[in-house]
Amino acid sequence: MTKEKIVIIAVRKADQDEERFTSSIEELKSLSNTAGGEVIEVMTQKRERIHPATYIGSGKVTEINTVIDELDIDLVISNDELSPGQLRNLASLFGIRIIDRSQLILDIFAKRARTKEGKLQVELAQLEYMLPRLRGQGTEMSRLGAGIGTRGPGETKLETDQRHIRRRIYEIKQRLQTMVKQREQYRKRRKTNDVFQIAIVGYTNAGKSTLFNRLTNSRSLEEDQLFATLDPLTRQIKLPSGLEILITDTVGFLQDLPTSLIAAFKSTLEEVTEADFLIHMVDGSDPDLHQQQDTVIKLLEELDADTIPMLTVYNKKDQMNTAMIPINHPNILISALQPNDIDRLLQKIEALLKTEWGYYAVSINPDQGKLLLQLEQQTIIESKQFDETDQVYQIKGYMRKHIPLNRLIEE
């Protein structure tokens with residue numbers, strides 16, 4: 001299949017940091033590649049402020065038109081979100097399809113969604129994004145399903161049926177509400193069972209799915225592409241001490257995520273807020289890792305999840321060319337592909353949990369097998385010895401402070 005030829009257009013505003021601007025362009029190129037396109041040219045312009053009608057100045061429009069003709073370009077992608085008016089004006093000036101960064105991200109999400117809930121969330125975000133942008137989009141946008149930025153809600157003729165879209169938005173919201181309630185009940189059940197929960201968070205393509213797969217021996221999608229994972233997966237694993245925990249792989253974070261998408265994926269991201277502990281995966285080999293860490297931490301703050309205990313895992317040490325200076329603490333440097341590093345990570349998690357949890361020492365009779373099993377599954381056992389004299393097990397370890405030992409014994 002031939003790849004769509006893409007020109008990226010971007011405005012660097014006077015107050016914009018050059019490093020951040022460059023990284024956003026690189027990210028947009030990666031996103032375009034993930035969507036199945038090929039970036040042929042990047043055209044940038046420095047401006048005091050964005051042009052209200054055409055995003056870029058008239059001179060740059062002429063320049064871009066020349067490139068479109070000479071290189072036979074199929075699609076223009078803007079680095080910033082465009083207003084409905086800017087989209088209309090540029091589509092008319094260029095004579096080919098134009099989408100913006102938000103539309104591209106939504107398109108990738110549409111391609112990546114696997115579960116019914118994921119697909120509905122993407123469709124909702126796309127419809128809410130498109131609704132104010134329908135009028136005068138031209139024939140290229142009259143029918144969905146024709147190239148990058150057009151995947152998603154079926155074959156609906158968007159311009160002619162705003163009522164249909166509003167009705168569809170209402171239906172999706174109702175269906176998602178039911179799914180959210182089911183998810184809440186499931187989470188409540190997990191909380192009642194008091195299973196310790198860890199969520200893996202991080203910038204897209206940091207290696208979250210690779211780690212998740214190594215920890216759980218499962219087969220979630222593991223690709224060197226942005227947003228390889230969209231729907232959260234939860235599995236049960238055992239830590240070295242025998243402690244049983246639930247671990248969840250979550251959707252990758254990204255700078256400048258479309259607001260409609262954050263809103264649509266609120267219920268999915270709630271998996272993060274329900275966690276007892278976070279593993280923050282960072283691609284230690286990425287030159288833009290500090291920016292990426294800041295983006296994740298900012299999003300965690302927005303989710304009110306920034307107070308959850310967290311371990312920063314600097315991944316891909318095998319790909320690092322220079323010494324990486326970690327800025328987040330506590331941290332560990334690993335390659336998720338190395339079994340020894342996975343073992344080190346699990347031991348590090350247990351060591352951190354011990355500092356958070358309370359110490360206990362208890363004597364248990366041999367006939368209290370159920371309690372012994374509970375301690376093995378729900379606490380970190382440091383030592384277990386059988387006292388021949390008193391005919392009891394002497395157990396020492398660490399447990400969560402909100403689960404008093406006497407409650408376990410009463411059970």
Side-chain angles (χ1 to χ4, degrees), residues 3-18 20-69 71-110 125-126 128-138 140-141 144 146-152 158 226-227 254-261:
K3 292 187 170 186
E4 287 182 72
K5 292 183 186 173
I6 296 167
V7 163
I8 285 174
I9 60 171
V11 171
R12 185 184 159 204
K13 296 175 283 296
D15 59 349
Q16 197 169 5
D17 175 66
E18 187 176 355
R20 184 182 165 108
F21 178 69
T22 307
S23 84
S24 74
I25 297 283
E26 287 306 311
E27 191 166 87
L28 192 57
K29 282 159 87 171
S30 291
L31 287 164
S32 303
N33 179 51
T34 296
E38 182 186 1
V39 177
I40 306 294
E41 193 72 71
V42 177
M43 312 210 45
T44 63
Q45 183 177 41
K46 280 186 183 176
R47 291 183 65 88
E48 279 296 316
R49 60 186 67 83
I50 299 283
H51 193 291
T54 55
Y55 177 62
I56 46 177
S58 56
K60 189 58 77 171
V61 168
T62 307
E63 236 181 277
I64 293 165
N65 265 327
T66 306
V67 170
I68 288 169
D69 293 338
L71 301 176
D72 198 20
I73 299 298
D74 303 301
L75 176 67
V76 176
I77 302 180
S78 155
N79 193 35
D80 295 287
E81 191 166 303
L82 299 173
S83 70
Q86 288 167 339
L87 266 174
R88 277 195 303 275
N89 295 336
L90 287 173
S92 160
L93 289 165
F94 294 148
I96 62 169
R97 280 190 309 117
I98 174 161
I99 62 172
D100 61 25
R101 182 192 195 90
S102 295
Q103 219 169 328
L104 179 61
I105 292 169
L106 290 168
D107 184 72
I108 294 167
F109 270 63
Q126 284 183 311
E128 287 185 331
Y129 173 84
M130 287 170 182
L131 193 58
R133 294 170 169 82
L134 298 182
R135 196 168 53 80
Q137 279 278 325
E140 269 80 5
M141 282 302 290
L144 288 177
I148 294 169
T150 62
R151 281 176 281 241
L158 289 176
L226 304 182
F227 300 122
L254 191 73
Q255 61 178 317
D256 307 319
L257 261 182
T259 47
S260 59
L261 201 58

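Counting from 1, the numbers follow the sequence of the chain as shown. Both backbone and side-chain heavy atoms feed into the values below; hydrogens, waters and symmetry mates do not.
- Considering every non-hydrogen atom in both Ile64 and Phe94, the closest pair reads CG2-CE2, 3.6 Å.
- Contact check for Thr22 versus Glu18: side-chain heavy atoms found under the 4.5 Å cut-off.
- Taking the side chain as every heavy atom from C-beta outward, His51 and Ile56 never approach each other to under 4.5 Å.
- In terms of heavy atoms, Glu48 sits closest to Ala14 at OE2-CB, 3.8 Å.
- Scanning all heavy atoms of the two residues, the minimum distance from Leu75 to Ile96 falls at N-CD1, 3.8 Å.
- To the nearest 0.5 Å, atoms OG1 (Thr54) and CG (Leu87) are separated by 12.0 Å.
- Here Glu81 contributes atom CD and Gln86 contributes atom CD; the two are 10.0 Å apart, rounded to the nearest 0.5 Å.
- How far CD of Glu38 is from CD1 of Ile73: 9.0 Å, rounded to the nearest 0.5 Å.
- Looking only at side-chain heavy atoms (C-beta outward), Leu71 and Lys5 stay at 4.5 Å or farther from each other.
- When all heavy atoms are compared, the tightest approach of Ala10 to Ile25 is CB-CD1, 3.3 Å.
- Although no hydrogens or angles enter the test, the distance criterion places no donor-acceptor pair under 3.5 Å between the side chain of Asp74 and the main chain of Glu4.
- Here the CD1-CG distance, from Ile77 to Leu28, works out to 6.0 Å after rounding to the nearest 0.5 Å.
- Proximity of Thr44 to Arg12: side-chain heavy atoms (C-beta onward) are nowhere separated by under 4.5 Å.
- Pairing each heavy atom of Ile6 with each of Ser32, the nearest pair is CD1-CB, 3.9 Å.
- Interatomic distance, Ile68 CD1 to Glu63 CD, rounded to the nearest 0.5 Å: 11.5 Å.
- Taken from CD1 in Ile9 to CD1 in Ile98, the straight-line distance is 4.5 Å, to the nearest 0.5 Å.
- Checked by atom type and distance alone, the side chain of Ser92 never pairs as donor or acceptor with a backbone atom of Arg88 at under 3.5 Å.
- Scanning both residues, Asn79 and Tyr55, for their nearest heavy atoms gives N-OH, 4.1 Å.
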